[in-house]
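Just passing along the structure, written as structure tokens.
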Amino acid sequence: MPPARHFFRPLVSAVLVACFLSACGRLGERYLQQAKAEDEDDSRAARLMLQAAKCGSPEAMVEAGKMHLAGRWVPQDPGAAFAWFRKAARAEQPEGMFLLGDCWEKGIGTEKDPEKAAEWKEKAFAADSPSAMLERARALAGRPGGAGEAVGIFNRLLGEGKFDGAVDRGGILFELGRLHEGENGIPRDAGKAVSCYERAVALGNVPAAYRLGIACLEGTLCARDIAKGVSLLRKTLPARNLPELDTLQRLGNAYSDAKWEGMDLRQAESFFERALKRWKETPGVSDADIRDALCGLGAILLSGKGRMRDEAMGVAYLERAERVGSVEARYRLALALCRGSAVPQDTAKALELLARFDPEADGEWAGKAAELAETIRSAEPYREAAEAGDPVGQRRVGLCLADGLGVPRNATEAQRWLREAARAGDGEARAALERQGGRWNAEDDAWLSLHGAAKTGDAAAQRNLGKRHLLQRHLKAETWQDAEGARDILSLEGYEARQAVKWLESAAKAGDAEALYWLAFCAAHGIGTAKDVPQAARMLASAEKRGLAKAGRERGRILGDERILREKSAHGDPAARFELGTKLAERGDPQGIKLLQNLANGPKGLKAALWLENHFKRQARSQAAYWCHRAADLGDRGAMGRMAGYEPENAYAWWKMAYDNGGGGEAALALAQCCEEGKGCPRNPEEAALWYRRAGVIRAEDLPDRRGGKRRAGR
């Protein structure tokens, strides 16, 4: 029987080996922790990592393999890298399994063996190797029908905390964002795509910033936000692995977008120039790849709104861009040919360029081209519409005159028509007016307000709008005489005159007397309509019936007073009959006296009776007395007093009647004298004294004597 030591020796050896390995493992982990605590580029960290690997740390073996593969702090040695990866894989380290499979797949440090590569990568995936999972997800994302499984793996990598720091979370979010955009059969979900990109950008992922920036500029995944898009794209410029030419051109387009409040043509010019410079440095790039920069820079140079103005160079850039298919450049070239800027004006060639637009393929620019072509061909019809008061026609005529489209350029006339359209409520015309340097003021606001009210049928607004067109800067004119004193009103013609008549007619149809008055002015002077004095008279008569007194005066002035007075007299107007009668009587026409006599014998004939009394008092006293009596009968106190002179025997009675009708002190004094002198009544000193007191008169005999008592008459 063998000695006992032969049985215990292997057991002791095994225990010693296990203890040794355990000690090595603990030592390796210690070295690994120390290496991680050191700077990653520090040679001491590399030495500690190698010591940890030699001591059996699987994670350190993976790092040692990567160091030998990259030649960092150690000589580059693919064979040593393969050996370390194999040791880590045999220790069931997931990343070691994946990297070993990668070596078998690519032949790194060993011969290629696809079967072994697939075997080890499958083991790595099963062991939750982040690299294996990421590779599998990317492979599935590119396969038909595999995108759904890829999304699941990506979400697992993001959701499980054990992978934090082991994967590029920003890169995974970027991949997920692309899938949620609708790639490879995944239903499009713009909200999820934007959310993934934003989280990736927050983690510093540049490709996500690029995709999200484009989406913000174009409004494809979210609402259009040029400011945000520009901010994101500017962050991507240092990354050379992205399409830099495209980024620079997109930034230039954004800064030259007139719809963006942050528009800055100098910034746009700078980005376009950087794109052209980058284009020259990049071999194999054609003009087609840089056409946005060519077009944008050409437009800025042509306009002179950048750092400099160079129309010839601008046209050259536009021609290059148009040759490689830029529809915007084609439109701008046609516009330059219409205006004759930097190139001779050639409307026919411009129309030829505009005819090449395809409405389906060229989208917005095709619409602009069609509108420009219509503008060039229809300059005169637009003017007809403008003259008729159409705001759209006025705006288009203004734009044609401003740009010289089909008509000679005239900035002053352009502003006039644009202002007229803006006053009529055309918002585009107002914006164009301000672009042309025209200033909007309070007077324009007044016109705009009147136009708005006039279009709703407000007669007062229509009348005031018509008066503004007619009177122009003489708005304080209230009568024809005021307006006739201004030559520019009497010589008014064309658009302003027609608009004045148009709006005044609208108000007159609604029964506005003031509008009829000024419409009659237009007819009487041939302003905006054929001269027709009888028609003006009829309008004034209608205005007078509506209570406008000044209309009657103007009617009398244009037809002659007597004719109007006869017409009014025939209709029973007492004032007209009186005035007509006095005119006829003054020139010796008996018809006038007869007319006044008939009027004086009526219930309202006081004025006529007084006139007749005055007329006859030098010729026929009896006739004068008769008409004075008639005036007294109609209640005139003055006539009652004068009747005392015509009939002295009845003086007291007439003055008493005057006093009773409110004659006051004058009548009381006359009555006192009648009683004192016995005119028309017996002498009566006591009653005379009473009347004197009522008249407020103190007689001399009533004054007190200095010695007391009253003075006596004759003393």
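Computed from heavy atoms alone, side chains included, the values below leave out hydrogens, waters and symmetry copies.
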Side-chain touch R395/E428, heavy atoms, less than 4.5 angstrom: yes

Salt-bridge present (R278, E281; N to O < 4.0 Å): yes

Member of L470, D512, I527 meeting the side-chain contact (heavy atoms from CB on, under 4.5 Å) criterion with W518: L470

Steps toward side-chain hydrogen bond (donor to acceptor under 3.5 Å, both in side chains) verdict (Y331, D362): CA-CA 11 Å; Y331 174 82; D362 297 335; over 6 Å; no

Side chain to side chain, F271 and N253, heavy atoms closer than 4.5 Å: no

Within 6.0 angstrom of E493 CD, more than 12 heavy atoms from elsewhere: no

Sidechain N-carboxylate O distance under 4.0 Å for D390, R396: no

Residues in ring-ring contact (aromatic ring centres under 6.0 Å, His included) contact with W447, at least two apart in sequence or another chain: H469

K502 atom NZ: more than 12 heavy-atom contacts under 6.0 Å: yes

Results of ring-ring contact (aromatic ring centres under 6.0 Å, His included) for F154 - residues two or more places apart only: none

Ion pair check, E352 and R356, cut-off under 4.0 Å: no

Set of ring-ring contact (aromatic ring centres under 6.0 Å, His included) partners for Y317, sequence neighbours left out: none

N-O pairing of E273 and R307 below 4.0 Å: yes

Salt bridge (Lys or Arg N to Asp or Glu O under 4.0 Å) evaluation trace for R498 with E496: CA-CA 6 Å; R498 288 191 294 273; E496 297 291 352; over 6 Å; no

Evaluation steps, side-chain contact (heavy atoms from CB on, under 4.5 Å), between V315 and L301: CA-CA 8 Å; V315 169; L301 289 172; over 6 Å; no

D444/R439 ion pair, N-O < 4.0 Å: no

Donor-acceptor under 3.5 Å (D289 side chain, S286 main chain): yes

Set of side chain to side chain donor-acceptor pair (under 3.5 Å) partners for E420, sequence neighbours left out: Y495

Test log, rule side-chain contact (heavy atoms from CB on, under 4.5 Å), inputs L450 and D458: CA-CA 9 Å; L450 283 175; D458 186 330; over 6 Å; no

Check: D246/Y210 side-chain N/O donor and acceptor closer than 3.5 Å: yes

Residues that K228 engages under salt bridge (charged side-chain N to carboxylate O under 4.0 Å, His left out), provided they are two or more places apart: E198

Lys/Arg-Asp/Glu bridge criterion (N-O < 4.0 Å) met for R468, E443: yes

Sequence neighbours excluded - salt bridge (charged side-chain N to carboxylate O under 4.0 Å, His left out) pairs with any residue from residues 295-305: none

W279 side chain to V285 backbone, donor-acceptor under 3.5 Å: yes

Within 6.0 angstrom of K277 NZ, more than 12 heavy atoms from elsewhere: no

R291/D287 ion pair, N-O < 4.0 Å: no

side-chain hydrogen bond (donor to acceptor under 3.5 Å, both in side chains) between W503 and N464, worked out: CA-CA 8 Å; W503 290 112; N464 288 329; over 6 Å; no

Residues E218, R250: salt bridge by 4.0 Å N-O rule: yes

